[in-house]
Protein chains: 6
Amino acid sequence: MRSRFLRTTPFLAAFRAYHEARSVLVGVPLDVTTSFRPGTRWGPRAIREVSEVLEEYSPRLGRDLREIPLADLGDLDLVPGRVEKNLQLIQEMAEEIFSHGKLPFFLGGEHLITYPLAKAAARFYPGLVVLQLDAHADLREDYLGQRLSHATVMRLLTTELGGKNIYQLGVRSGTREEFEYGYNHTHFYPGDLAAPLEELKLSLVGRPVYLTLDIDVVDPAFAPGTGTPEPGGCTSQEILETLYALRGLNIVAFDLVEVCPPYDHGNVTAVLAAKILREAVLVIEPPAAGQTEHGGSLTR
Amino acid sequence: MRSRFLRTTPFLAAFRAYHEARSVLVGVPLDVTTSFRPGTRWGPRAIREVSEVLEEYSPRLGRDLREIPLADLGDLDLVPGRVEKNLQLIQEMAEEIFSHGKLPFFLGGEHLITYPLAKAAARFYPGLVVLQLDAHADLREDYLGQRLSHATVMRLLTTELGGKNIYQLGVRSGTREEFEYGYNHTHFYPGDLAAPLEELKLSLVGRPVYLTLDIDVVDPAFAPGTGTPEPGGCTSQEILETLYALRGLNIVAFDLVEVCPPYDHGNVTAVLAAKILREAVLVIEPPAAGQTEHGGSLTR
Amino acid sequence: MRSRFLRTTPFLAAFRAYHEARSVLVGVPLDVTTSFRPGTRWGPRAIREVSEVLEEYSPRLGRDLREIPLADLGDLDLVPGRVEKNLQLIQEMAEEIFSHGKLPFFLGGEHLITYPLAKAAARFYPGLVVLQLDAHADLREDYLGQRLSHATVMRLLTTELGGKNIYQLGVRSGTREEFEYGYNHTHFYPGDLAAPLEELKLSLVGRPVYLTLDIDVVDPAFAPGTGTPEPGGCTSQEILETLYALRGLNIVAFDLVEVCPPYDHGNVTAVLAAKILREAVLVIEPPAAGQTEHGGSLTR
Amino acid sequence: MRSRFLRTTPFLAAFRAYHEARSVLVGVPLDVTTSFRPGTRWGPRAIREVSEVLEEYSPRLGRDLREIPLADLGDLDLVPGRVEKNLQLIQEMAEEIFSHGKLPFFLGGEHLITYPLAKAAARFYPGLVVLQLDAHADLREDYLGQRLSHATVMRLLTTELGGKNIYQLGVRSGTREEFEYGYNHTHFYPGDLAAPLEELKLSLVGRPVYLTLDIDVVDPAFAPGTGTPEPGGCTSQEILETLYALRGLNIVAFDLVEVCPPYDHGNVTAVLAAKILREAVLVIEPPAAGQTEHGGSLTR
Amino acid sequence: MRSRFLRTTPFLAAFRAYHEARSVLVGVPLDVTTSFRPGTRWGPRAIREVSEVLEEYSPRLGRDLREIPLADLGDLDLVPGRVEKNLQLIQEMAEEIFSHGKLPFFLGGEHLITYPLAKAAARFYPGLVVLQLDAHADLREDYLGQRLSHATVMRLLTTELGGKNIYQLGVRSGTREEFEYGYNHTHFYPGDLAAPLEELKLSLVGRPVYLTLDIDVVDPAFAPGTGTPEPGGCTSQEILETLYALRGLNIVAFDLVEVCPPYDHGNVTAVLAAKILREAVLVIEPPAAGQTEHGGSLTR
Amino acid sequence: MRSRFLRTTPFLAAFRAYHEARSVLVGVPLDVTTSFRPGTRWGPRAIREVSEVLEEYSPRLGRDLREIPLADLGDLDLVPGRVEKNLQLIQEMAEEIFSHGKLPFFLGGEHLITYPLAKAAARFYPGLVVLQLDAHADLREDYLGQRLSHATVMRLLTTELGGKNIYQLGVRSGTREEFEYGYNHTHFYPGDLAAPLEELKLSLVGRPVYLTLDIDVVDPAFAPGTGTPEPGGCTSQEILETLYALRGLNIVAFDLVEVCPPYDHGNVTAVLAAKILREAVLVIEPPAAGQTEHGGSLTR
């Protein structure tokens with residue numbers, strides 16, 4: 001009998017049981033609506049497997065992952081070829097995790113997962129802001145006839161949460177309509193990542209933030225293994241600096257999506273994603289004031 | 001504005017207009033329910049692109065593809081991430097082609113496309129037989145919760161057409177239930193391809209046959225570029241010999257599915273598929289008794 | 001029967017007939033004199049195939065490719081292993097296109113194609129300037145015994161058009177003799193792309209310009225799929241910025257050469273080339289003052 | 001804190017705890033003495049990961065892996081770059097497993113692991129026979145100055161167990177000295193696998209057998225992902241048939257070595273290895289006479 | 001200063017100086033007229049580099065390469081992009097080698113090299129027979145407008161030496177015209193390699209034979225790294241058996257062509273070619289009756 | 001009989017005999033203690049093979065490699081799977097080279113080779129400084145139980161030479177302990193390469209310097225082919241600029257380590273390494289004051 005999660009090689013230092021950890025890692029390998037090249041279903045596993053090349057310690061942050069009790073639940077067991085059913089499974093799983101007061105780090109999978117995940121977060125964190133780092137606006141009303149798609153996910157969330165709660169950074173691709181929609185309805189900062197950061201942080205202080213990072217915000221030279229590569233993005237250093245700049249925000253959930261291993265020769269994208277994930281945990285997880293047992297029994 | 005078919009580099013010698021040809025080639029790049037590794041959406045294009053490495057002439061058959069008026073319609077324009085909608089689009093397209101009296105050669109895409117394609121054929125050819133060459137039985141009642149799947153396609157057709165009209169050759173993988181179902185309900189010849197051919201041909205003489213060839217019936221050494229490789233299959237020579245042995249049958253439609261280019265290093269699978277397709281056209285298309293104009297205007 | 005052009009999957013939005021378009025796209029897959037790693041013959045097809053990952057809209061330029069009538073003629077049908085014969089075929093084709101008043105965008109193939117292409121342009125545009133973006137000077141008198149070579153192409157054009165009509169940007173590799181020749185005979189701006197742009201633009205205002213872009217001007221991290229990679233080049237952003245800076249010049253023809261797909265893992269080079277091509281069309285093609293029918297019947 | 005085994009994605013259906021299973025799977029990723037291309041350290045993980053492409057049911061054997069309680073301990077945690085220390089760790093682990101009365105299936109790693117593994121087995125099974133399926137004789141006295149090497153492993157075992165207890169099948173590569181040694185000291189059946197099987201089975205009836213299968217016994221067409229490929233080997237079907245022919249022998253341990261993922265494009269070798277492993281378990285594990293709890297607490 | 005040969009990593013055990021060896025190895029990396037995928041220029045180097053995976057000893061032949069004085073001259077230094085010039089360079093080099101009484105083993109490069117090589121051999125060996133093992137007839141009168149091409153090489157030799165001196169084995173691809181030409185003018189044995197061998201050997205006894213082996217005679221499963229793969233060929237074992245069957249013939253020169261490393265994932269083709277070359281030397285080179293100094297000073 | 005060095009395709013313009021050259025190139029393919037992905041044993045060969053894509057002339061330095069007598073000894077013949085023995089072989093070889101007054105350029109292989117190489121240098125150059133460019137501190141006391149490891153090499157040298165003689169630039173990964181050790185015991189400049197260069201040069205003027213460059217100091221986008229990629233490194237341009245900035249120092253030996261070809265798709269890492277090596281020779285080798293014969297007979 002299969003459990004609800006598929007057991008996998010765990011991420012770097014994520015050896016704790018669910019009830020022992022506040023921060024939990026979950027793979028969400030949805031890979032259905034991809035229009036160009038598929039394969040993000042292998043993303044979470046690839047990121048975990050290559051993570052052993054990294055140290056647990058971050059010299060930039062002066063923190064060590066081994067000091068944080070971190071659980072890795074494995075990959076959520078999804079149904080091939082189904083959109084609505086999977087979105088429901090994902091949302092239920094996320095709601096349960098939030099209900100236990102956990103701080104989740106989700107690994108995609110395609111970007112559409114952010115729709116149910118952020119909806120779940122919003123139920124537990126009123127006034128939730130979604131902060132997106134992405135090459136694409138993902139603001140289409142529908143995409144190739146579909147309302148539920150990796151290319152519509154931010155539009156769906158705009159409808160769900162209100163455009164004033166959506167912040168979009170780094171966008172460099174979209175239709176004319178998406179750009180007009182972004183300028184008119186969301187906090188839309190296309191192009192360079194660094195410039196708007198200070199302004200943005202000021203307006204987000206104290207609010208609960210769901211941070212979603214589409215790996216294609218990084219240039220394909222640094223992250224070739226993704227479904228829809230878009231030349232002209234930031235460097236590895238710049239994406240890490242952006243993350244560091246967000247320290248101090250009240251980030252209540254994080255996802256990292258669109259890593260696509262079949263196109264990731266030499267695994268450079270997966271290694272970058274693993275480093276982003278390590279730094280994200282170290283940036284987001286509050287310094288422990290005595291690690292105690294955390295409730296919940298998700299996998300049982 | 002996009003037409004119903006996406007224009008592509010045409011298959012070897014398939015330069016005729018639709019109305020000039022009896023045999024027509026259509027790409028059906030469905031790639032949604034794949035449970036293991038996706039990518040069959042690129043199959044039709046890869047097969048066409050590599051086809052230029054081949055001669056149009058078959059020394060084994062003594063025929064030349066250039067002597068047959070062959071049209072290549074390009075790839076059917078499908079909707080990412082949708083099963084039912086796409087099956088409907090595929091069936092409608094196939095019905096229109098059959099209604100024009102054409103002899104279609106479909107290129108997948110995943111095996112699920114055979115469900116709408118054979119249903120369409122059955123509407124025009126009463127008593128239709130489906131003859132499957134495949135490593136997998138594809139006889140599950142449902143697969144990971146789905147009734148519509150590459151792993152259920154022959155079960156669906158058994159329900160649709162009756163088990164006595166289903167012939168399955170070369171199967172070497174399935175659940176215990178699938179094997180029992182096959183032995184009890186279809187003409188089930190697992191394992192070696194050559195042994196049952198004579199018996200099978202005798203029982204099919206004169207009946208309209210839909211021939212579906214899943215490339216994974218061939219061993220992964222010869223066809224690594226497929227979604228669910230299954231070691232222990234036949235050689236390139238053996239699959240070609242099987243095709244030659246079917247000469248004389250009344251084959252009214254053909255499909256070749258599950259070529260998955262992202263895993264096809266050196267393109268050996270696509271080249272094999274292109275050769276199978278060339279030989280299939282030369283085996284199936286009746287010797288021309290004066291090439292005349294053929295009706296229909298599908299792409300207009 | 002084969003036509004003069006090989007039909008291919010068309011580039012993003014290039015769906016118009018030749019007579020309907022002012023801007024025309026042509027593949028010129030010459031791949032003969034390559035000394036290191038061959039494969040540029042597949043360049044034009046790869047660029048077209050991956051172009052579907054891009055939007056037609058450029059947020060940077062505020063223009064949409066769908067607003068420009070663009071024809072894609074396919075690949076010129078060349079003869080394997082012949083230099084002079086192919087250069088003649090290429091020049092004749094280009095002259096016919098220029099004679100119809102078209103604005104051509106050529107996709108190589110190796111850099112030698114710029115020799116016949118620019119010669120053809122010069123017949124129609126007196127005072128033509130060739131502006132080259134390239135890692136290599138290509139100023140050898142001969143290369144491994146050959147006068148006609150990818151490594152001599154700019155020297156040939158210097159002879160043909162006069163060194164004062166040759167502008168070379170970004171060169172970071174060559175022999176001592178080439179660098180001396182460049183400094184003495186052409187407008188030679190080695191190294192950084194951005195610094196000389198303003199000066200260069202001033203001196204080119206109003207003159208007809210043939211713009212040739214060798215993808216290896218970009219660093220191999222961003223463009224690994226090329227025949228002679230040279231570390232130390234510009235980024236994706238910088239090559240795009242250079243293109244934007246050329247807006248306003250009277251560019252009468254454009255080529256993009258040396259994309260070599262066999263070494264382009266994850267297709268990042270082809271995607272970058274496709275984006276460069278999209279932006280080049282949007283930068284070069286003058287804003288339409290009512291799109292009307294354009295003369296010529298090249299493919300007929 | 002790291003445990004003695006590294007947790008990994010488990011092999012197909014191997015979901016039981018150690019104490020519940022008689023058959024246990026262990027990865028032994030030794031990868032130190034490889035002279036040509038390294039990478040077998042990734043072998044066990046690759047085999048497990050691709051195993052999901054297979055069914056648990058074997059139509060050839062009429063058995064289902066889910067009917068057998070199977071534990072997957074993960075990969076033994078070895079020390080990089082050390083031979084003797086690792087051989088000691090491996091032998092101790094194996095002795096503990098044998099001491100619990102388990103039936104182990106070891107996944108390499110390089111072939112040298114068979115030395116400590118078979119030594120451990122011999123302590124528990126007096127009169128142990130080692131039956132090797134391999135392209136190489138591995139009978140060198142030393143290799144490039146080393147006595148402990150993948151190329152000396154069978155010579156070491158000959159010394160340890162006596163040549164009359166060593167059976168070698170399928171060897172097609174070695175030095176003149178190795179072939180002479182084999183003919184004079186072991187049961188040496190080079191070349192074709194099938195011919196000697198009947199004779200061999202007769203002489204092994206009733207004796208405890210350690211079966212070691214080097215994947216390079218299979219031709220590189222079917223198993224390219226290995227360290228020292230040797231053209232001219234058997235097919236996938238033939239290696240499986242050899243396995244089936246060994247049914248009835250008293251096999252007390254099994255290893256499958258030399259799968260090298262970095263050279264295994266399209267994963268065909270890993271998938272073949274996974275199928276061999278599934279069939280090996282189904283061939284070797286005796287039909288359950290009521291699955292009961294099995295003792296031992298190795299991982300605790 | 002470059003010498004006439006480019007120095008390379010030498011082939012397995014080919015460490016002797018030119019004047020010490022009767023058998024000499026020469027790389028001839030011609031790669032100009034290739035119509036489909038280029039790259040055979042890297043063939044000789046790849047074969048040499050992977051050769052270290054092999055033993056020098058052949059158990060099948062009971063001979064060891066180290067017992068034969070073998071020189072490896074490196075790669076002939078050719079001119080990129082030139083056909084006639086290179087053919088002249090190749091012929092002159094070969095004539096010099098034959099003039100010293102050497103037994104050459106040439107490594108291609110494309111098949112066109114056999115034209116100048118066999119012409120050179122014919123000058124020294126009156127009544128020379130060319131025996132070809134190949135998937136393609138190579139009997140075109142011209143190919144894409146070229147008289148000198150990899151697809152015309154056997155036709156050129158038929159003209160040069162007379163069809164009765166041309167023997168063709170294993171051909172499975174060609175135009176109708178080529179097959180008719182073959183049946184009418186050469187000793188043409190298409191298809192299976194083994195059947196005609198005895199008859200063929202009888203008719204060749206005592207005559208000087210130039211043996212040319214195009215690696216694509218082997219099925220792409222065993223030899224994917226080639227320019228024009230043709231499914232349906234022989235296995236690794238079968239090509240080796242064919243070679244063994246030719247023992248006793250008076251082979252005066254050997255070439256092995258069309259290995260194309262850019263498409264040779266996992267190097268399986270290069271390893272097969274290296275084994276073929278080792279066995280060819282051991283089959284062809286007469287048993288030494290006291291190794292003495294051999295004349296000639298080619299590289300000096 | 002094998003010599004002490006394995007003959008290989010020589011590096012660009014390194015055609016001189018040992019006694020004719022002051023600068024000598026040696027491959028040191030140690031690849032034993034690698035904990036993540038192995039393959040650096042192929043590094044030296046890959047760098048040499050791709051070097052032909054480069055010119056011998058450096059426009060940045062105004063020097064030409066052909067003006068410098070440069071010898072390439074090939075690869076040192078090591079023993080697979082042995083640490084101590086190989087370190088001894090390496091040290092002896094280096095001492096002999098230094099004893100002849102040569103200026104060596106070593107190509108790794110894993111970073112551990114710097115331990116015996118720098119020890120050898122220190123015997124000949126009292127007061128030797130080791131200057132390291134690297135992503136990793138390599139300051140562990142032991143690594144996975146090993147004192148001799150690529151992760152301990154700088155710690156070993158600190159013990160050997162004293163921390164005040166160790167300069168470390170560009171480090172961005174390590175344990176907390178390593179960073180503390182670096183700050184307390186070596187000249188430790190983590191992060192950005194450019195900032196500390198001026199200060200560092202002042203303190204090194206006149207002292208003998210061993211320069212060791214681990215290719216992973218460069219970002220994986222520019223150098224994916226390495227064993228332990230660490231995102232966030234410098235660009236190709238920046239590493240070259242760092243090298244240029246070191247002009248004028250008394251560099252007495254150089255090594256370039258950790259190039260790992262199995263993960264170097266498109267060879268971009270090897271090409272970058274080849275360019276670094278060319279520039280390093282041109283930066284380090286003093287302008288010739290009349291090239292005379294240099295003593296020594298290492299390979300004889």
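Chain letters run A, B, ... following the sequence lines, proteins first, then strands; residues in each count from 1.
Among the candidates Thr33(F), Thr212(F), Asp255(F), the single residue satisfying the side-chain hydrogen bond (donor to acceptor under 3.5 Å, both in side chains) test with His111(F) is Thr212(F). Under the salt bridge (Lys or Arg N to Asp or Glu O under 4.0 Å) rule, Asp31(F) has a single partner from Arg82(F), Arg41(F), Arg37(F), which is Arg41(F).
Scanning both residues, Val217(F) and Leu213(F), for their nearest heavy atoms gives CG1-CD2, 4.4 Å.
Judged purely by distance below 3.5 Å, without hydrogens or angles, the side chains of Asp75(F) and Thr8(F) never pair a donor atom with an acceptor atom. His136(F) and Asp216(F) are linked by a side-chain donor-acceptor pair at a separation below 3.5 angstrom, with hydrogens and angles left out of the test.
Applying the ring pair (Phe, Tyr, Trp, His ring centres under 6.0 Å) test to every pair with at least one member in residues 35-55 of chain A, sequence neighbours left out, gives these pairs: Phe36(A)-Trp42(B), Trp42(A)-Phe36(B).
Taking 4.5 Å as the heavy-atom cut-off, none of the residues of residues 182-196 of chain F approach chain A. Chain A is approached within less than 4.5 Å, heavy atom to heavy atom, by Tyr263(F), His265(F) from residues 259-272 of chain F, ordered by number.
Taking the six-membered ring where the residue is Trp, Phe222(A) and Phe222(F) present perpendicular rings, their angle passing 60° and hence far from 30°.
A salt bridge between Arg66(A) and Glu55(A) is absent, with no side-chain N of the basic residue lying under 4.0 Å from a carboxylate O of the acidic one. Ion pairing between a basic and an acidic side chain is recognised when a charged N comes within 4.0 Å of a carboxylate O; Glu230(F) and Lys275(A) show such pairing. In this structure, Arg63(A) does not pair ionically with Glu56(A), as no charged nitrogen and carboxylate oxygen lie closer than 4.0 Å.
Shown here are the salt bridge (Lys or Arg N to Asp or Glu O under 4.0 Å) partners of Glu141(F), two or more places apart in sequence or in another chain: Arg155(F).
The candidate from Gly227(F), Ser173(F), Gly174(F) with the greatest count of non-hydrogen atom pairs under 4.5 Å with chain A is Gly174(F). Counting heavy-atom pairs closer than 4.5 Å to chain A, the top-ranked of the candidates Thr235(F), Thr228(F), Asp219(F) is Asp219(F). Among Val50(A), Ile276(A), Ile239(A), the residue with the largest count of heavy-atom pairs under 4.5 Å with chain F is Val50(A).
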